[in-house]
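It should be emphasised that the depicted structure is a prediction, and the values quoted were computed from it without experimental measurement. Reckoned from all heavy atoms, side chains included, excluding hydrogens, waters and symmetry mates.
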Amino acid sequence: MLRISVLRLLGRPGTSGVSLLEYISSRHYSSGPLGARDDIRGARAFFTTPIFYVNAAPHIGHLYSALLADALCRHRRLRVPSAAATRFSTGTDEHGLKIQQAAAAAGLAPTELCDRVSAQFRQLFREAGISSTDFIRTTETRHRIAVQHFWGLLKARGLLYKGLYEGWYCASEECFLPEAKVTRQSDSSGDSCHVSLESGHPVSWTKEENYIFRLSQFREPLQRWLRGDPQAIAPEPFHRAVLQWLEEELPDLSVSRKSSHLHWGIPVPGDDSQTIYVWLDALVNYLTVIGYPNAEFKSWWPTTSHIIGKDILKFHAIYWPALLLGAGMSPPHRIYVHSHWTVCGQKMSKSLGNVVDPRTCLDRYTVDGFRYFLLRQGVPNWDCDYYDEKVVKLLDSELADALGGLLNRCTAKRINPSGTYPVFCTTCFPSEPGLVGPSVRAQAEDYALVNAVATLPRQVADHYDNFQIYKALEAVSSCVRQTNGFVQRHAPWRLNWESPVDAPWLGTVLHVALECLRVFGTLLQPVTPSLADKLLSRLGVSATERGLGELCFLPRFYGHPCPFEGRRLGPETGLLFPRLDQSRAWLVKAHRT
Ligand code: ME8
């Protein structure tokens with residue numbers, strides 16, 4: 001029979017710290033999109049990824065988190081171009097039992113393992129175009145100072161006490177698990193051992209005198225925060241899940257370990273016999289990177305959006321906000337949660353040998369190709385499955401054929417011999433649908449296209465705001481298809497530049513299609529930065545004309561001058577995105593072996 005895990009708290013829980021609950025007064029958490037907190041935030045935005053454990057090399061899941069944050073951040077920069085308005089941090093989580101054990105198993109000093117694997121993350125993110133402004137390592141001095149300061153605040157506010165803490169500790173997940181999440185299993189030699197029900201990782205019964213955080217005092221403040229700000233955690237099912245967890249008892253939390261057991265970490269200030277719990281250490285990274293404890297952090301903290309995987313939701317949506325409230329700060333502005341990538345239907349794991357190496361993928365599919373794939377196919381609400389054929393199929397159809405084909409159709413020499421952005425003819429395509437006349441050529445579907453592309457930037461922005469980047473890409477892709485339909489319908493290759501009847505309409509068809517491409521190129525910048533640059537350069541769009549503020553679609557249709565009309569196209573005529581299935585001998589080979 002399984003032993004009931006009991007938490008025996010021998011310390012005397014006090015009552016101090018409750019006064020901070022007043023902080024949660026409802027006016028701080030207005031629920032509307034333009035509530036008081038948005039006013040406070042102004043133009044600034046601060047995005048974070050989780051900081052990743054250095055026990056193993058990065059995989060596509062880690063890259064996916066970083067890409068989501070990168071796309072959000074790049075989209076934000078397109079809206080608010082001031083370089084000083086956005087911060088974006090990522091980094092590595094280097095302390096704790098998990099790393100201590102991984103280093104011992106590899107026969108390395110912890111610092112050696114950390115240096116090696118942290119460098120791999122840094123390198124991967126550089127290659128993948130992750131535009132972070134800070135890469136933090138928790139072994140840095142600035143971080144130790146921040147963590148110890150934070151600890152001091154909790155202590156001074158009476159939120160830490162010493163007590164006996166016991167339970168099942170899972171080093172791999174770096175947390176205590178309740179009895180209900182532990183099961184018995186036979187190991188390879190037939191011996192019975194206890195493992196985490198969810199991850200299958202071993203757990204061990206631990207009984208120690210630790211420092212304990214009065215987490216239980218924060219159940220109601222957390223509920224009030226989440227009920228008062230329905231967008232605090234997105235997508236909504238995760239918000240609901242956290243509120244559901246908070247229906248249950250919220251026990252106090254052990255926040256240190258004996259240094260004789262865990263030496264690889266930050267010592268408790270004033271008590272070297274204890275090491276600070278790795279999750280408390282790790283979460284404070286979000287403050288370290290904005291200058292904490294120096295006052296500078298105060299203007300950035302209210303603008304924070306955390307991007308995390310669903311596996312660490314409890315740490316970010318319960319422990320972290322409670323710790324912040326305990327230290328007299330507000331919870332994070334937003335927590336954006338995504339689900340996981342599986343591989344051919346299975347969880348990615350070292351033991352199954354199915355971990356997908358992101359650097360190989362970037363080489364095979366190009367940086368832009370792989371960024372597009374992960375962000376187009378990754379759905380935050382549920383797990384997504386990875387396999388190579390899926391990447392090839394998607395990129396060939398959407399980037400090579402649909403988008404690349406469209407660009408080629410409008411810029412190829414035989415169709416656009418002058419190599420310019422042609423003139424839009426208002427009598428061929430009057431702004432009012434339904435007009436008839438000898439020179440009117442636009443049809444009802446053409447007005448539908450103009451309407452779809454005109455509203456696309458707003459739609460895309462809404463999808464970014466709701467952390468549904470794949471929907472933003474779906475919307476762009478749908479408009480690309482519609483634009484190809486427009487070109488197909490009017491077959492400019494059958495029109496003649498020499499004919500006074502055809503020429504104005506031919507120019508108009510190309511003008512409209514190029515304007516659509518300009519919108520697509522602008523909107524794709526956060527996801528495929530190089531490909532978008534190539535596309536916009538080919539259209540002759542200069543660096544100062546690529547922001548969302550400047551994105552005025554088809555101004556001639558609305559009676560305004562168009563700065564692009566008559567402009568020379570850029571000189572680069574190569575393929576926008578070469579098809580992959582012609583160059584995928586490696587894929588066939590991989591299947592044979
Ligand atoms: O938990 N699919 O680090 P970690 C998608 N150090 N994303 C995945 C994934 C998958 N299969 N696997 C991992 C830690 N991720 C702590 C975080 S933060 C203060 C401390 C991503 O190396 C996802 O973002 O285990 C997940 O939350 C994170 O990597 C966990 O990374």
Side-chain angles (χ1 to χ4, degrees), residues 60 63-64 67 70-71 74 124 126-130 356-378 386-416 419 470 472-474 476-485 487-488 492-493 510 513-514 516-541 546 569-592:
I60 56 167
L63 178 60
Y64 179 57
L67 282 175
D70 186 55
R74 285 177 184 264
L124 168 68
R126 193 181 307 125
E127 283 174 15
I130 303 299
V356 180
D357 172 14
R359 290 178 71 184
T360 310
C361 296
L362 293 171
D363 282 350
R364 275 182 190 164
Y365 306 119
T366 74
V367 169
D368 285 279
F370 200 54
R371 285 177 64 108
Y372 185 82
F373 170 77
L374 287 180
L375 292 172
R376 170 79 169 91
Q377 290 287 315
Y386 176 90
Y387 52 95
D388 291 314
E389 288 91 335
K390 201 173 184 177
V391 190
V392 174
K393 222 168 146 183
L394 179 87
L395 299 184
D396 278 355
S397 94
E398 294 197 356
L399 294 186
D401 297 347
L403 188 64
L406 179 62
L407 177 67
N408 191 42
R409 280 170 138 187
C410 307
T411 55
K413 202 149 183 68
R414 65 192 140 65
I415 277 196
N416 188 342
Y470 80 101
L473 292 174
E474 204 168 72
V476 172
S477 174
S478 154
C479 282
V480 172
R481 269 199 308 279
Q482 228 175 319
T483 314
N484 269 314
V487 173
Q488 192 67 31
W493 48 89
L510 295 183
L514 290 176
C516 294
L517 276 163
R518 185 169 65 82
V519 171
F520 306 149
T522 306
L523 295 175
L524 284 173
Q525 291 175 99
V527 173
T528 54
S530 306
L531 177 138
D533 172 47
K534 201 165 164 185
L535 171 53
L536 293 171
S537 300
R538 179 72 177 121
L539 301 182
V541 181
R546 296 178 180 190
L569 297 178
E572 178 60 63
T573 56
L575 284 180
L576 184 67
F577 189 87
R579 283 184 66 85
L580 291 159
D581 72 349
Q582 278 130 19
S583 58
R584 58 175 188 151
W586 55 266
L587 186 60
V588 176
K589 215 167 114 204
H591 270 274
R592 287 210 192 105

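Every residue meeting the ring pair (Phe, Tyr, Trp, His ring centres under 6.0 Å) condition with Tyr386, not counting sequence neighbours, appears here in chain and number order: Phe373. Judged as a side-chain contact (heavy atoms from CB on, under 4.5 Å), and not counting sequence neighbours, the contacts of Val519 are Val453, Leu456, Pro457, Leu523, Leu551, Phe553. The side-chain hydrogen bond (donor to acceptor under 3.5 Å, both in side chains) test applied to Thr360 returns Asp357, not counting sequence neighbours. Residues that satisfy the ring pair (Phe, Tyr, Trp, His ring centres under 6.0 Å) test with Tyr64, not counting sequence neighbours, are His338, Trp341. Every residue was checked against the side-chain hydrogen bond (donor to acceptor under 3.5 Å, both in side chains) condition with Gln482, not counting sequence neighbours, and none meets it. Applying the salt bridge (Lys or Arg N to Asp or Glu O under 4.0 Å) rule to Arg376 yields the partners Glu398, Glu474; only residues at least two apart in sequence or on another chain are considered. Qualifying side-chain hydrogen bond (donor to acceptor under 3.5 Å, both in side chains) partners for Arg359, counting only residues two or more places apart in sequence or in other chains: Glu127. For Ser478, there are no side-chain hydrogen bond (donor to acceptor under 3.5 Å, both in side chains) partners at least two apart in sequence or on another chain. Remark: Asp70 pairs with Arg74, Arg371 by the salt bridge (Lys or Arg N to Asp or Glu O under 4.0 Å) rule, at least two apart or across chains. Listed by chain and number, the residues in a side-chain contact (heavy atoms from CB on, under 4.5 Å) with Ile415 are Pro492, Trp493, Leu510 (sequence neighbours excluded).
Counting only heavy atoms from C-beta outward, the side chains of Leu403 and Leu517 approach each other to under 4.5 Å. A 4.5 Å side-chain heavy-atom check between Thr528 and Phe577 finds every atom pair outside the cut-off. A heavy-atom distance below 4.5 Å is not found between the side chains of Arg364 and Leu580. Looking at heavy atoms from C-beta onward, Leu67 lies in side-chain contact with Leu63 at the 4.5 angstrom threshold. No side-chain heavy atom of Leu576 sits under 4.5 Å from any side-chain heavy atom of Asn408. For the pair Cys361/Val356, a side-chain contact is recorded, criterion being any heavy-atom separation below 4.5 Å from C-beta on.
Contact detail for Ser477 and Tyr372: the closest heavy-atom pair is CB-OH, 4.3 Å. Taking each heavy atom of Ala71 and Leu375 in turn, the nearest pair found is CB-CD1, 4.0 Å. In terms of heavy-atom proximity, Ala513 sits nearest to Val487 at CB-CG2, 4.0 Å. What you find for Thr522 and Arg518 is that their closest heavy atoms are OG1-O, 2.7 Å. Contact record, Leu575 with Pro578: CD1-CA, 4.1 Å, taken as the closest heavy-atom pair.
Rounding to the nearest 0.5 Å places CG of Leu514 at 7.0 Å from CG of Asn416. For the atom pair Leu395 CG and Tyr365 OH, the distance stands at 8.5 Å (nearest 0.5 Å). Remark: Leu362 CG to Leu124 CG distance equals 6.5 Å, nearest 0.5 Å. Between Leu536 atom CG and Leu531 atom CG the span is 9.5 Å, to the nearest 0.5 Å. Atoms CZ and OG1, on Arg538 and Thr411 in that order, are 4.0 Å from each other to the nearest 0.5 Å.
Remark: Lys390 NZ is packed, more than 12 non-hydrogen atoms of other residues, nucleotides or ligands lying under 6.0 Å away.
Thr483 places a side-chain N or O within 3.5 Å of a backbone atom of Cys479 that can act as its donor or acceptor partner. The main-chain N or O of Arg579 is never found under 3.5 Å from a side-chain atom of Asp396 such that the two would form a donor-acceptor pair.
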Taking it one step at a time, do Val541 and Leu535 satisfy side-chain contact (heavy atoms from CB on, under 4.5 Å)? CA-CA 9 Å; Val541 181; Leu535 171 53; over 6 Å; no

Steps toward side-chain contact (heavy atoms from CB on, under 4.5 Å) verdict (Leu399, Leu394): CA-CA 8 Å; Leu399 294 186; Leu394 179 87; over 6 Å; no

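Pairs engaging residues 524-533 under the salt bridge (charged side-chain N to carboxylate O under 4.0 Å, His left out) rule: Asp533-Arg546 [sequence neighbours left out].
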